[in-house]
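Here the structure comes first, spelled out in structure tokens, and everything after it is commentary.
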Amino acid sequence: MVIYGVALLAGCMMLGLATGDVLGHLLGIEANLGGVGIAMLLLIFATGYLKARGKLPEATVSGIKFWNAMYIPIVVAMAASQNVAAALSGGAVALLAGVLAVVLGLAMVPVFAGKPSRERAERGASSSGASHARAQPARAAHR
Amino acid sequence: MLQSLYDLVDKYHLVAAFAVIGLTMYLAYWISERFTRGKLHGSAIAIMLGLALAYAGGKITGGADGLADITLFSGLGLMGGGMLRDLAIIATAYGVRFDEVREAGVRGVMALFAGVVVSFVAGGLVAVGFGYTDPVAITTIGAGAVTYIVGPVTGATLGASSEVIALSIAAGLVKSILTMIATPLAARWIGLDNPRSAMIFGGMIGTTSGVAAGLAATDARLVPYGAMTATFYTGLGILLAPTVLFLVVRGLV
């Protein structure tokens with residue numbers, strides 16, 4: 001049943017958020033530390049376990065896939081309810097601080113990723129590229 | 001007649017939001033296809049449309065929730081709020097191979113710490129450049145450049161003025177919104193096209209809504225990887241900014 005999938009997703013979320021809360025408390029901060037990330041790992045393990053035992057029928061999966069597919073529309077709704085006006089009225093200090101943080105953060109991605117990204121981008125432009133193929137298994141596993 | 005339609009939309013706000021977002025998506029994909037021949041993702045255009053509408057909504061109502069502050073569109077607040085957003089983010093993890101997460105795990109954690117520090121330093125330097133000398137103010141603005149949640153939490157802990165706290169929130173909002181727009185444009189240059197770089201990206205930038213939307217606009221397959229590291233970012237920022245990072249700032253100023 002579809003609800004089994006939705007319930008599995010919801011259960012992972014609540015368990016992950018609860019764990020994140022406990023982690024935050026242990027470290028003495030008023031915040032949830034990685035609850036969503038923990039929930040994601042729980043979902044990966046739970047569905048992997050069930051699938052290996054043949055206990056994950058298509059109907060159950062579709063309960064998870066629905067929310068997966070709703071992700072982009074939800075993000076668009078999120079964008080539409082951001083406080084853009086406040087961001088733009090914060091003045092030069094806020095604007096520069098935010099811009100500099102993004103620029104430096106983006107620039108550091110290839111540094112940590114290791115391989116020079118320029119070479120990869122060129123290869124990606126000519127053919128589908130090795131790096132593109134790396135993203136494929138995640139997709140293939142969806143089936 | 002018009003009034004009853006208005007009441008109906010207000011009463012069934014979430015359902016109305018589904019319809020509004022569906023229309024927005026259709027329009028965005030049409031623009032993408034027609035004017036950019038698919039070069040700029042429909043989802044990227046949809047997010048930019050959303051941000052533009054949010055700006056208009058904020059200007060009209062003076063509220064904090066963009067278009068959702070207009071009664072007719074209040075369902076957007078629920079649809080795009082933290083609860084459903086997190087549920088959908090978690091759902092994207094379905095089908096992810098754990099090996100890929102583990103492979104990039106160490107670099108992702110390194111990127112997390114580096115990301116918090118880099119953003120903090122960026123914000124702090126700008127504050128110093130604008131003539132702030134009080135370590136509490138510098139730390140709070142630096143924390144705001146981490147995320148718009150870390151800023152006010154740090155400011156409240158250290159006892160910053162409400163002006164400085166407002167500034168730190170604005171800095172974090174600029175970061176989040178710019179991430180949504182700049183990520184699809186910068187993706188090629190920074191090699192953001194595989195799970196590993198997505199996890200590092202999530203750790204470096206960290207602001208959850210920015211990362212979530214930025215990756216959605218770039219390649220939806222990368223979302224779970226970036227989101228997984230980004231989810232630790234705000235907590236780590238709240239842990240580091242008012243403690244270690246504040247002590248460093250106080251030592252330097």
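Just so it is clear, the structure is predicted and the values come from calculations on it, not from any experiment. Residue numbers start from 1 in every chain, and the chains themselves are labelled A, B, ... in the order their sequence lines are given, proteins ahead of strands.
- A pairwise comparison of heavy atoms in A87(A) and I177(B) identifies CB-CD1, 3.9 Å as the closest pair.
- Taking CD1 of I89(B) as the reference point, atom CG of N68(A) lies at 11.5 Å (rounded to 0.5 Å).
- The most heavy-atom pairs under 4.5 Å with chain A, out of F130(B), F18(B), F120(B), come from F130(B).
- Looking at F66(A), neither its backbone nor its side chain comes within 4.5 Å of chain B, counting heavy atoms on both sides.
- Contact annotation: the side chain of M79(B) never approaches that of S81(A) to less than 4.5 Å [non-hydrogen atoms, C-beta and beyond].
- With a 4.5 angstrom heavy-atom cutoff, L95(A) touches chain B via backbone and side-chain atoms both.
- Note that CG of D86(B) and CE of M13(A) are 5.0 Å apart. Values are rounded to the nearest 0.5 Å.
- Residue with the most contacts toward chain B among L42(A), L100(A), V75(A), I74(A): I74(A) (heavy-atom pairs, distance under 4.5 Å).
- A pairwise comparison of heavy atoms in V93(A) and V126(B) identifies O-CG1, 3.6 Å as the closest pair.
- Nearest approach of M204(B) to G105(A), heavy atoms of both residues: CB-O, 3.7 Å.
- Within 6.0 Å of atom CZ in F98(B), more than 12 heavy atoms from other residues, nucleotides or ligands are found, so the atom counts as buried in its surroundings.
- Top candidate by heavy-atom pairs under 4.5 Å with chain B, chosen from A107(A), G98(A), A94(A), is A94(A).
- Highest contact tally toward chain B, considering only G5(A), G34(A), G91(A), is held by G34(A) [criterion: heavy-atom pairs under 4.5 Å].
- Between chain A and the options T231(B), L84(B), L178(B), V153(B), the largest number of non-hydrogen pairs under 4.5 Å is found for T231(B).
- With a 4.5 angstrom heavy-atom cutoff, L88(A) touches chain B only via side-chain atoms.
- In this structure, CE in M110(B) is found 9.5 Å from CE in M108(A), a value given to the nearest 0.5 Å.
- Here T92(B) contributes atom OG1 and K65(A) contributes atom NZ; the two are 13.5 Å apart, rounded to the nearest 0.5 Å.
- Here the shortest heavy-atom pairing between W67(A) and A88(B) reads O-CB, 3.6 Å.
- Side chains of I44(A) and M228(B) form a contact here, defined as non-hydrogen atoms less than 4.5 Å apart.
- Shown here for S43(B) and I72(A), the closest heavy-atom pair between the two residues is CB-CG2, 3.8 Å.
- When the candidates L27(A), I64(A), L17(A) are compared by the number of heavy-atom contacts under 4.5 Å with chain B, I64(A) comes out ahead.
- Applying the side-chain hydrogen bond (donor to acceptor under 3.5 Å, both in side chains) test to residues at least two apart or on different chains, the pairs with a partner in residues 9-29 of chain A are D21(A)-N32(A).
- Using a 4.5 Å cut-off on side-chain heavy atoms (C-beta onward), Y94(B) and V61(A) make contact.
- Of all non-hydrogen atoms in A213(B) and Y71(A), the two that sit nearest each other are N-OH, 4.3 Å.
- Note: L106(A) leads L104(A), L106(A), V99(A), V111(A) in heavy-atom pairs under 4.5 Å with chain B.
- M40(A) has its side chain out of reach of V101(B): every pair of non-hydrogen atoms, C-beta onward, lies at least 4.5 Å apart.
- Expressed to the nearest 0.5 Å, how far CD1 of I169(B) lies from CG of N83(A) amounts to 9.0 Å.
- Chain B forms more heavy-atom pairs under 4.5 Å with one residue of L23(A), L8(A), V103(A), L41(A) than with any other, namely L41(A).
- The candidate from L51(B), T179(B), I47(B) with the greatest count of non-hydrogen atom pairs under 4.5 Å with chain A is L51(B).
- Of the atoms belonging to Y55(B), heavy atoms from both backbone and side chain fall under 4.5 Å from chain A.
- Every side-chain hydrogen bond (donor to acceptor under 3.5 Å, both in side chains) that S209(B) has, sequence neighbours left out, goes to Y148(B), S176(B).
- In this structure, the portions of A92(A) lying under 4.5 Å from any heavy atom of chain B include both its backbone and its side chain.
- A distance of 10.0 Å separates CZ of F112(A) from CG of L112(B), quoted to the nearest 0.5 Å.
- A donor-acceptor pair under 3.5 Å is formed between the side chain of R196(B) and the backbone N or O of A113(A).
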